[in-house]
Number of protein chains: 2
Amino acid sequence: MKRNTWQREAVRDALGRTEGFVSAQALHASLRGTGSEVGLATVYRALADLAHEGEADSLVQEGESLYRACTPGSHHHHLICRNCGTAVEISADPVEAWARQVAAEHGFTEPNHVVDVFGLCPECSAAASAR
Amino acid sequence: MKRNTWQREAVRDALGRTEGFVSAQALHASLRGTGSEVGLATVYRALADLAHEGEADSLVQEGESLYRACTPGSHHHHLICRNCGTAVEISADPVEAWARQVAAEHGFTEPNHVVDVFGLCPECSAAASAR
DNA sequence: GAGCGCCGTGAGAATGGTTCTCGGTAGGAT
DNA sequence: ATCCTACCGAGAACCATTCTCACGGCGCTC
């Protein structure tokens, strides 16, 4: 039996309100900042659930897990600003095909893949070149 | 001034002797198993150096950093068995081009990318279907 | 070959993100 | 309203990694 608690909703909302990827810790801090008395463990549990159910994507950077609300049910990848965390969903059909083919060529089965593109978003590029 | 210590050599050798990706901890354990009195911190330092100098590749999986000896100076990606860790170097020229193009389309500069393909290697596939 | 300066090492402590524990609380079915 | 039980919260536990600092060995110089 699955329950709808206001804590889980708060996490889902806070995640949806964010532009790019956020760490669990940052999300917890921001929830606390808005007066929600949510436990850190609960944030981790909610994020893990959301990621498991496909409502959020996660990636690991510098030892931290980052999360982002994502269009559910669709397979896609991200273009992520390594400075501010802003992320753009991108489809990568050619890469999907390539991954499957490469795996098959080497006799690998059940192919998965991790594809992320990092860079500096337009704003951060401008700021960097101005500095 | 850069020094050649037997510890660094031991780490390089142990890494070169391994088939796929290994964790720093596992490498340390295996070095200790062969009688080398190497410190854990030293293994971490050596691996970080090797990765920095391009003699090793690293990836993060399940909160652990995994390392592998790699052909130096070449840009490539990996096809990794998610069961036994065996890895095959693969070149991904079409993906390189795609990543640059996608980044440019969205105004992102200085593109990086993370591309890894996971799957079950032939041996593990056979073992899995036999079970 | 001997001396010397200083980098690399090692053991253990510190760090920091994540997970676990456990008593208490509240969702939802009846 | 009541009961069952999944969920929550606080803090402790965990674990990979990094830091600290005294010591030993590497490589340069003579």
Side-chain angles (χ1 to χ4, degrees), chain A residues 1-15 18 20-53 55-69 80 82 85 114 116, chain B residues 1-15 18 20-53 55-69 80 82 85 114 116:
Chain A
M1 178 193 333
K2 191 145 187 306
R3 291 188 184 174
N4 262 346
T5 62
W6 66 265
Q7 289 98 332
R8 206 168 286 257
E9 275 308 309
V11 170
R12 195 199 307 270
D13 278 14
L15 196 63
T18 333
F21 279 81
V22 242
S23 70
Q25 308 263 350
L27 208 60
H28 176 238
S30 113
L31 282 167
R32 280 299 177 96
T34 64
S36 310
E37 292 293 321
V38 194
L40 179 56
T42 304
V43 174
Y44 276 103
R45 275 186 290 241
L47 286 174
D49 284 357
L50 288 174
H52 186 71
E53 294 160 15
E55 294 192 48
D57 276 351
S58 68
L59 65 87
V60 179
Q61 197 184 22
E62 295 172 17
E64 264 189 328
S65 289
L66 303 181
Y67 297 85
R68 179 171 194 274
I80 303 144
R82 78 168 72 89
V114 176
D116 286 306
Chain B
M1 175 195 334
K2 192 143 186 303
R3 293 193 182 170
N4 262 345
T5 60
W6 65 265
Q7 289 98 332
R8 207 167 285 258
E9 275 307 309
V11 170
R12 195 200 306 270
D13 279 12
L15 197 62
T18 333
F21 279 82
V22 243
S23 70
Q25 308 265 350
L27 207 60
H28 176 238
S30 112
L31 282 168
R32 280 300 177 93
T34 64
S36 309
E37 291 294 321
V38 193
L40 179 56
T42 304
V43 174
Y44 277 103
R45 276 187 290 243
L47 287 174
D49 285 358
L50 288 174
H52 187 71
E53 294 160 15
E55 294 192 47
D57 276 352
S58 67
L59 64 88
V60 179
Q61 197 184 22
E62 295 171 18
E64 264 189 328
S65 289
L66 303 181
Y67 296 86
R68 180 170 193 275
I80 303 144
R82 79 169 69 89
V114 176
D116 287 305

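Quick note on labels: first sequence line is chain A, next is B, and so on, each numbered from 1.
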A:H28 atom NE2 is separated from C:dT19 atom P, nearest whole Å, by 15 Å
Integer-rounded Å distance: D:dG25 P and B:W6 CH2 = 11 Å
Tell me what B:R8 touches on the nucleic acid: a base, only sugar-phosphate, or nothing, going by heavy atoms under 4.0 Å.
-> sugar-phosphate
Expressed in angstrom and rounded to an integer, what is the separation of A:Y44 atom OH from D:dC14 atom C1'?
-> 13 Å
Can you tell me the distance, in whole Å, between the CD atom of A:E62 and the P atom of D:dT17?
-> 15 Å
Per the side chain to side chain contact (heavy atoms under 4.5 Å, CB included) rule, which among B:D57, B:T18, B:L15, B:V22 passes with B:Y67?
-> B:L15
Atom-to-atom span, CG of B:L40 to P of D:dT20 - whole angstrom | 17 Å
Separation of atom CG in B:N4 from atom C1' in C:dC7, rounded to whole Å = 13 Å
Under 4.0 Å between any heavy atoms, over every strand shown, what does B:S23 touch: base, sugar-phosphate, or nothing? Just pick one.
-> nothing
With a non-hydrogen cut-off below 4.0 angstrom, is B:E37 in contact with a base, only sugar-phosphate, or nothing?
-> sugar-phosphate
Calculate the interatomic distance between A:D49 atom CG and D:dA6 atom P; express it in whole Å.
-> 14 Å
Check every atom of D:dT17, C:dG10, D:dC7 against the side chain of B:A24 and return the nucleotide holding the closest atom.
-> D:dT17
Given atom CD of A:Q61 and atom P of C:dG16, what is their separation to the nearest angstrom?
-> 18 Å
